[in-house]
Trainee: 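Below is a structure I'd like to ask you about.
Note that ligands are numbered from 1 as they come in the structure, with each ligand's atoms numbered from 1 the same way. Only heavy atoms go into these numbers, but all of them, side chains included; no hydrogens, no water, no symmetry mates.
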Amino acid sequence: MPRRHRPKVRAVLLCPHCRSHEIDRDVTLFTGSTYTCRRCGYKGTFVLEEELPDALEMSGP
Ligand SMILES: [Zn+2]
């Protein structure tokens with residue numbers, strides 16, 4: 001019998017201004033990665049990361 005799944009965590013990006021998860025990531029040649037918040041319009045190279053347990057994910061295979 002397989003054991004219970006180990007609690008995997010998954011990092012999601014959080015806007016440092018409004019804490020929205022709606023972050024778009026752009027990769028550019030000059031600055032590397034920049035992030036844009038679709039909710040408040042924040043743009044920058046710094047965003048927060050939050051780790052979510054994978055168990056919250058509802059989508060199956
Ligand atoms: Zn925002």
Trainee: Can you tell if the side chain of V47 reaches within under 4.5 Å of the side chain of P16, non-hydrogen atoms only?
Mentor: yes
Trainee: Testing the basics here: between C15 and Y42, what is the closest heavy-atom pair and its distance to 0.1 Å?
Mentor: SG-CB, 4.0 Å
Trainee: Could you tell me which residues satisfy ring pair (Phe, Tyr, Trp, His ring centres under 6.0 Å) with H21, sequence neighbours excluded, listed by chain and number?
Mentor: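 Scan of H21 (ring pair (Phe, Tyr, Trp, His ring centres under 6.0 Å), adjacent residues dropped) gives none.
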Trainee: Side-chain contact test, heavy atoms from C-beta onward, threshold under 4.5 Å: evaluate it for R38 versus D24 and give yes or no.
Mentor: yes
Trainee: Identify the heavy atoms of L13 and I23 that sit nearest to each other, and give their distance.
Mentor: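 Smallest heavy-atom distance, with atoms named: O-CG1, 3.9 Å.
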Trainee: Leaving waters out, which protein N, O or S atoms fall under 2.8 Å from the Zn ion (ligand 1)?
Mentor: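 Within the sphere that stays under 2.8 Å of the Zn ion (ligand 1), the protein atoms of type N, O or S are C15 SG, C18 SG, C37 SG, C40 SG.
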Trainee: Identify the heavy atoms of S33 and V27 that sit nearest to each other, and give their distance.
Mentor: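 Heavy-atom minimum between the residues: OG-CG2, 4.1 Å.
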